[in-house]
Amino acid sequence: NASMISSFFHSFIYTPLYNGLVFLIDFVPGHNVGVAVILLTVAVRVVLYPLARQAVKTQMAMREIAPKIEELKKKHKDSQEELARATFALYKEHNIRPFSSFLMLLIQIPLLIGLYWVFWKGGLPQVDASLLYSFVPNPVQVSMNFLGFFDMASRSIFLAALAGGTQLIYARLSMGERKPAPTGERSFTADLTHSMDLQMRYILPIMLGGFAYIASAAVALYFVTSNLFMILQEYLAGRRF
């Protein structure tokens, strides 16, 4: 039920991440929250990198066989059962596990939500000592000023715009070039795919930038750092504009 999920989230995701952030604040020079946010975001992304890398490989393989999938759809347009059987045979032939990407996404989501929740609801510069593990010291001071320009507890239109911009770049790298809108005989699936593509490329960056501005500069910095890491990940996977 909801209380069990909440208890699990706080015990195994939120509290460990909160302690990690407080530990880094105590560790970094000047006890700077901005630097700690960057380090914690990178640390979590590094841990998740093997999962994300496998998801990218699956996505690229799925894209390579997309023309063959379209041929199967035309060949078996009158039988969904035959289409499903032929599609899974094609996946097996190319050693593709189509659900692995989705599974890895499910594993990542709770951690990323927890990381975001720490930055948004963590209450800094006040530290909740009741959440700290016995080996995590309570910082003697907490500096919310990052680079002399950004108050991590306030809003930053610059960081919010940077969050939206880096999300736009990441979408361009990860999704490749846009396909033209379907013409001629159109289908619900084709229209839905085109609409989702449009939203992921342009609507999501705008929404993310707006949300990053409403939340706080710390949340915006988290999104910027996370997006930059994923952009680097795409380059390491061989993606180019």
Side-chain angles (χ1 to χ4, degrees), residues 1-55 102-147 150-156 159-160 162-163 166-167 170 208-209 211-233:
N1 55 31
S3 61
M4 290 180 62
I5 294 174
S6 177
S7 177
F8 177 86
F9 176 79
H10 280 81
S11 298
F12 295 100
I13 298 176
Y14 177 79
T15 301
L17 289 174
Y18 185 82
N19 276 267
L21 179 63
V22 173
F23 174 82
L24 289 172
I25 291 172
D26 186 69
F27 172 77
V28 299
H31 307 289
N32 193 276
V33 171
V35 177
V37 166
I38 292 174
L39 292 178
L40 184 60
T41 306
V42 170
V44 172
R45 277 294 175 185
V46 168
V47 171
L48 294 176
Y49 178 73
L51 298 177
R53 183 169 177 268
Q54 183 59 44
F102 180 70
L103 178 61
M104 291 167 191
L105 180 64
L106 286 181
I107 295 173
Q108 293 182 63
I109 285 176
L111 286 174
L112 298 181
I113 291 176
L115 197 61
Y116 154 74
W117 205 256
V118 165
F119 300 146
W120 189 30
K121 294 291 188 179
L124 297 172
Q126 301 301 319
V127 175
D128 187 350
S130 66
L131 294 177
L132 298 183
Y133 299 143
S134 59
F135 56 87
V136 176
N138 193 334
V140 293
Q141 70 177 85
V142 177
S143 174
M144 300 296 287
N145 187 280
F146 179 60
L147 299 179
F150 308 109
D151 180 0
M152 291 290 98
S154 301
R155 297 174 178 176
S156 170
L159 288 177
L162 196 59
T166 51
Q167 178 64 35
Y170 171 67
L208 187 139
F211 184 74
Y213 175 72
I214 293 173
S216 71
V219 173
L221 183 60
Y222 153 61
F223 281 128
V224 171
T225 305
S226 183
N227 287 341
L228 289 175
F229 188 94
M230 290 190 294
I231 289 170
L232 177 61
Q233 174 184 301

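Residue numbers count from 1 along this sequence.
Between Ala220 and Ala163 the shortest heavy-atom distance is O-CB, 4.1 Å. Phe9 and Pro110 make their closest contact through CE1-O, 4.0 Å (heavy atoms, listed as atom of the first residue, atom of the second, distance). Summarising the geometry of Asn19 relative to Leu132, their closest heavy-atom pair is OD1-CA, 3.2 Å, with the distance given to 0.1 Å. Shown here for Met152 and Phe146, the closest heavy-atom pair between the two residues is CE-CB, 3.7 Å. Here the closest non-hydrogen pair linking Pro139 and Val22 is CD-CG1, 3.5 Å. Residues Ala217 and Leu159 approach most closely at O-CD1, 3.8 Å, considering heavy atoms.
Between Phe12 and Phe8, the ring planes lie tilted relative to each other; the angle falls in the 30° to 60° range.
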Go through the steps for Tyr49 and Gln233 under the test side-chain contact (heavy atoms from CB on, under 4.5 Å), then give the verdict. CA-CA 8 Å; Tyr49 178 73; Gln233 174 184 301; 3.6 Å; yes
Go through the steps to decide whether Leu17 and Val44 satisfy the test side-chain contact (heavy atoms from CB on, under 4.5 Å), and finish with yes or no. CA-CA 9 Å; Leu17 289 174; Val44 172; 3.9 Å; yes
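For Phe27, the CZ atom counts as loosely surrounded, since its 6.0 Å shell holds 12 or fewer non-hydrogen atoms of other residues, nucleotides or ligands.
With Val37 as the fixed residue, the side-chain contact (heavy atoms from CB on, under 4.5 Å) test singles out one of Leu221, Leu24, Leu115, Val42: Leu221. Among the candidates Leu124, Asp26, Leu39, the single residue satisfying the side-chain contact (heavy atoms from CB on, under 4.5 Å) test with Leu21 is Leu124.
Side-chain atoms of Arg45 and Ser226 form a donor-acceptor pair, as typed in the model, at a separation below 3.5 Å.
Phe23 has its side chain out of reach of Phe135: every pair of non-hydrogen atoms, C-beta onward, lies at least 4.5 Å apart. A heavy-atom distance below 4.5 Å is found between the side chains of Tyr18 and Val127. Two residues are said to be in side-chain contact when any heavy atoms from C-beta on lie closer than 4.5 Å; Val33 and Val142 meet this criterion. Here the side chains of Leu40 and Phe119 are in contact, with some heavy-atom distance below 4.5 Å.
Side-chain atoms of Thr15 come within 3.5 Å of backbone N or O of His10 as a donor-acceptor pair. The closest donor-acceptor contact from the side chain of His31 to the backbone of Ser143 lies at 3.5 Å or more, if one exists at all.
Thr166 OG1 to Met230 CE: the interatomic distance, rounded to the nearest 0.5 Å, is 8.0 Å. Between atom CG of residue Asn227 and atom CG of residue Leu232 there is a gap of 12.5 Å, rounded to the nearest 0.5 Å. How far OH of Tyr222 is from CH2 of Trp120: 13.0 Å, rounded to the nearest 0.5 Å. Distance check: Leu228 CG to Gln167 CD gives 11.0 Å after rounding to the nearest 0.5 Å.
Under the 6.0 Å cut-off for aromatic ring centres, Phe229 and Tyr170 do not qualify, their centroids lying 6.0 Å or more apart.
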